[in-house]
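First comes the structure, then the notes that go with it.
Atoms within a ligand are numbered from 1 in the order they appear, just like the ligands themselves. The first residue of the sequence shown is numbered 1, and numbering continues consecutively from there.
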Amino acid sequence: MSTMAEARLRFFGAVGEVTGSCHWLQTPQGDVLLDCGLFQGGRDEERRNAADFGFAADKIQALILSHAHIDHCGRLPLLVKRGFSGRIYAQPATARLLRIMLEDSARLALADAKHANRRRAREGKPPIEPLYGLEDVEAVYDLIEPVPYGERQAVLPGLSFSFADAGHILGAAITEIWVESRGQTRHLVFSGDIGSRGTPFVVDPTRIASADLVLMESTYGDRLHRARSETIAELGEILENAWQSGGNVLIPAFAVGRSQELLYWLAKHHRDWGLSRWRIYLDSPMAVKVVGVYREHHELFDAEALAEWHGPNNPFKMKNLKLVSSVEESRALNDVSRGAIIIAGSGMCNGGRIRHHLKHNLWRPQCHLLFSGYQAAGTLGRALVDGADHVNLMGERVKVAAQRHTIGGLSAHADQNGLADWYGGFANRPPVWLVHGEDPARRALADRLQQQFQAEVSLAEASSEVVV
Ligand SMILES: [Zn+2]
Ligand SMILES: [Zn+2]
């Protein structure tokens, strides 16, 4: 046995993939988790969500959460259900968003289980339990300890941390950890998800001056984003054409981040795009709740968004914007044949209110459908992007005659340049372990960091054990 106790890092998700973020910091004083996210994708991922964590939930003393995206927080209720009873540290805006995300996730889990159980009953199989329920989500709230950016928080003897703004979504954090290991205080930095410069509302990602070890995301490590300004100009052109066509515009969008970003650009260009002739609807109860969190936490906005917030272009106070929560109001939109811009979830059209809007608009050539985010294989959104000429919606086969557009460049993740720039903030070029990226992406990022900074880069694996 070594005379000097050491801290170690192990990886239980988001290795060679983007989802399921979960890292384990084992220290002489106790064990702490960084994130506990859902695996997302298909059937295999669903099985992994229900499977063992790979560690005993009740042996973990505390959890530090980077942000409220479901691939980072989605297994928290399960962790608590399986015996975790420590503190969950989260930035205050993250703590608020977390409730919205987890409640939605619990509802989806329940719906999935119901759907599966109808099939299982026909096959003569016993029913399955949902991954977790609303009562498990409630249990998570009791454990949350909000920690603002920049405040040093003690977790265990010999272990403390502080959050810095990651510029990714509201409340998203880079976590700086100070931990006793091998007789020294070691400074570990976990990037969480790093934002893309120019994303509205959030600041640019905080660069950290030095570290002993870096754990870093690599989602778009092999990509360069198109300039946001080009994308926004394209959005303006599409809306102008759509007005000439005389129909509606449907925009499927995620409830957190993208929906609010779209409103930001519509408000900013309200005059030059002639938007007062349109009626704009945010038709998503979840996105409307998220707008409430933005209002409560507007102190986190970057300077530009703060100026808009206090000026005449407040994105959530446009005169022709309607925040739609009730089902009746949403249904009433089915009677609107022209002049409506409808932003609704889900972002990939596999659920949510966008489906009934699609049913009432897709078959009409004067309507426009605008995708602003990634569409995963197997989703209705992907089928539409790929040019399907008919789709099934709510039991009906609907012809696709609407004009389809895809605008890239609105990513909330840094591209390769952004990631390299963030790493470049560490003047001492610390060793870095890459997580949260598929292999081609993290290999490309590893090459870039090695070439540009002579950095020592490793790819985290499920079997890796890193001495801090
Ligand atoms: Zn994220
Ligand atoms: Zn993520």
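- The Zn ion (ligand 1) sits nearest to atom OD2 when only the N, O or S atoms of D193 are considered.
- Taking 2.8 Å as the threshold, E217 does not count as a candidate ligand of the Zn ion (ligand 2), since none of its N, O or S atoms lies below it.
- Under 2.8 Å from the Zn ion (ligand 2) lies no N/O/S atom of H67, from backbone or side chain alike.
- Residue H168: an N/O/S atom is found under 2.8 Å from the Zn ion (ligand 1).
- The pair D204-R197 counts as a salt bridge, with a side-chain nitrogen and a carboxylate oxygen less than 4.0 angstrom apart.
- Taking the Zn ion (ligand 2) as reference, D71 places its N/O/S atom OD2 nearest.
- The Zn ion (ligand 1) lies at 2.8 Å or more from every N, O or S atom belonging to H413.
- Looking at S196 and H225, their side chains never bring a donor and an acceptor atom within 3.5 Å of each other.
- With hydrogens and angles left out, the side-chain atoms of T27 and Q29 include no donor and acceptor closer than 3.5 Å.
- There is a side-chain donor-acceptor pair under 3.5 Å between Y132 and S105.
- Its N, O or S atom nearest to the Zn ion (ligand 1) is what matters here, and for H69 that atom is ND1.
- If you check the side chains of H436 and D193, you find a donor sitting under 3.5 Å from an acceptor.
- The atom of H436 nearest to the Zn ion (ligand 2) is NE2, with the search restricted to N, O or S atoms.
- In the model, H405 has no side-chain atom that pairs as donor or acceptor with a side-chain atom of E234 under 3.5 Å.
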